[in-house]
Trainee: 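The following block contains the structure, expressed as structure tokens.
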Protein chains: 2
Amino acid sequence: MRISELSRRSGVPNATIKYYLREGLLPPGRATAQTQAEYDDSHLRRLRLIRALTGVRGLSVAAAKQVLDTIAEEDQTDTHHVLGLVFGVWPSGSSKPETADGQVPVECPETDALVDAMGWTVSTYNPARQVIDRTLETLRSLGMEQDWRSLLPYAELAARTARLDLDQLETLKDPLEKAERAVLLTFVLEPALMALRRLAQEDESIVRYGESPSLAALQPGRRRADEHE
Amino acid sequence: MRISELSRRSGVPNATIKYYLREGLLPPGRATAQTQAEYDDSHLRRLRLIRALTGVRGLSVAAAKQVLDTIAEEDQTDTHHVLGLVFGVWPSGSSKPETADGQVPVECPETDALVDAMGWTVSTYNPARQVIDRTLETLRSLGMEQDWRSLLPYAELAARTARLDLDQLETLKDPLEKAERAVLLTFVLEPALMALRRLAQEDESIVRYGESPSLAALQPGRRRADEHE
DNA sequence: TATATTAGACAGTACAGCTACCCAATATCC
DNA sequence: GGATATTGGGTAGCTGTACTGTCTAATATA
């Protein structure tokens, strides 16, 4: 297909596709002539992935490129290698670590302690480390007397979440497919997970403190446990 | 204190403080004369909160204002009221819902089913609903055959997370303090929770598929369960 | 009284993410 | 085979966000 059909099928404007091509987010089509190129389903798929990362997830174009580059490069044969790369990517947008190209591991004493307490094995280069230390610092500067110990219960829940994530990769055999699925689970799912927390917070707040102001009629005598009505 | 001391103590440039005042993120100081105003610790605190939301969390200035407005307005006496407002705020930045001022509830059939299955009680106006439906749609458009049922295990973990969150509010009595703490837990903690997931994913990937490429030496014979070494 | 600081207003800057336009080459329709 | 439309490639411009710098008159401080 040519660019206009790609545009029509993806809903992304022609000019924007060209922009993504220029920025290297979308690989160039197979050139059939000097002013003609042929695109295929892989381009359509990639385009949708780009829009998922920049749209619902809110990544910057540069961050999306970084993520996309990760699943494209390197040898795709080692599952653990590919996944390690994906999980190690940090979209340098919101809350990015200082070191742009995380070559140098930054001291993260609190995360070290947490990782040790959880018995985890994670690369010292994983940028997620810095996010945790920086967040704890920020919370303390706002008077919240938190340290890594207060994150332990959250870490336990994060471990279970990660297990759910990895379970969904088991069914896939193709390493490339696995890498793309990992990206979807890791990045695109993030807003939904936070949305679930928000819903659960509202429910829990109603259970503990009373009815929500936005709701007119609630069933009385709500439970504390989790069984359904 | 005057603006320069506020700037020095917060680390935020003078001009930026004026910008926040203009934008209404920071309440004006008590004017002592036509070209003089007095700021206090509440301003310093608010300024730090603004930087936490826009910095580590990555909210836009407009989204931060929306969050800040929520804890400032309304009567502060009802705990459930205040928390309902905070948990209902969606920072219109990344993955914002379409309706800017969520007055009209949007149809979210998948979230409805999920909420029902969990036995939750949440406002139909909570913007988190739309995020979930939109994310599921996006994942499906990328070939992931997901529906609300696949989110159920995540919802269960979200419920536990919410319980941890609310536990940390129990100790506070002042409703205003409670609201601010809720903001910190809900928004500022988000990147850290996602970072924890990333670390747990890397660990779980090593446990299942082998060693991480970034790590030179690992202890052999890793476990599947969660006990510490 | 001299110097520095301040509030308030507004213009200017830097960057991101598109968007519009141009041109020569190519495809397509008659 | 000629007219018309589309394409790739490049560049310039536009819009919005988050500041930053400058100016002025009023006020504080030495």
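We name chains A, B, ... by the order of the sequence lines, and we start the count at 1 in each one.
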Trainee: Is NZ or CZ of A:R198 both nearer than 6.0 Å to the six-membered ring centre of B:F187 and within 45° of the ring axis?
Mentor: yes
Trainee: Atom CD1 of B:I17 and atom P of C:dG8: how far apart are they, to the nearest Å?
Mentor: 13 Å
Trainee: So, does A:Y20 get its side chain near the phosphate of C:dG17, meaning an N or O under 4.0 Å from OP1 or OP2?
Mentor: no
Trainee: Give each protein N/O atom lying under 3.5 Å from an N/O atom of nucleotides 20-22 of chain D, with the pair distance.
Mentor:
residue	atom	partner	partner atom	Å
D:dT20	OP2	B:T16	OG1	2.9
D:dT20	O4	B:R22	NH2	3.2

Trainee: In whole angstrom, give the distance that lies between atom CG of A:L59 and atom C1' of C:dG17.
Mentor: 14 Å
Trainee: In whole angstrom, what separates B:I3's CD1 from D:dA28's P?
Mentor: 16 Å
Trainee: In whole Å, what is the span from the CE atom of A:M1 to the P atom of D:dT6?
Mentor: 18 Å
Trainee: Nearest-Å distance, CG (A:N14) to C1' (C:dA20)?
Mentor: 12 Å
Trainee: Tabulate protein N/O versus nucleotide N/O from nucleotides 26-30 of chain C, keeping only pairs under 3.5 Å, one per line.
Mentor:
residue	atom	partner	partner atom	Å
C:dT26	O4'	A:T35	OG1	3.2

Trainee: Which residue is it: B:D165, B:N126, B:T161? I am looking for the one with a side-chain hydrogen bond (donor to acceptor under 3.5 Å, both in side chains) to A:Q201.
Mentor: B:D165
Trainee: Would you kindly say whether B:Y19 and B:N14 are connected by a side-chain donor-acceptor distance under 3.5 Å?
Mentor: no
Trainee: Are side-chain N/O atoms of A:Y20 and A:R51 paired as donor and acceptor at under 3.5 Å?
Mentor: yes
Trainee: Considering residues at least two apart in sequence or located in another chain, which fulfil the side chain to side chain donor-acceptor pair (under 3.5 Å) criterion with A:R140?
Mentor: A:E110
Trainee: I need the NZ-P distance between A:K65 and C:dC18, as an integer number of Å.
Mentor: 16 Å
Trainee: Are the side chain of B:K65 and the backbone of B:L25 linked by a donor-acceptor contact shorter than 3.5 Å?
Mentor: no
Trainee: Mind calculating the distance between CD (A:E23) and C1' (D:dG10) to the nearest angstrom?
Mentor: 13 Å
Trainee: Could you tell me how far apart B:L21 (CG) and D:dA18 (P) are, to the nearest whole angstrom?
Mentor: 16 Å
Trainee: Taking atom types as modelled and ignoring hydrogens, do the side chains of A:Q146 and A:E137 form a donor-acceptor contact shorter than 3.5 angstrom?
Mentor: no
Trainee: Are A:E190 and A:R57 ion-paired here, with the side-chain N under 4.0 Å from a carboxylate O?
Mentor: yes
Trainee: So, the side chain of A:S10 versus the backbone of A:L44: is there a donor-acceptor pair under 3.5 Å, distance only?
Mentor: no
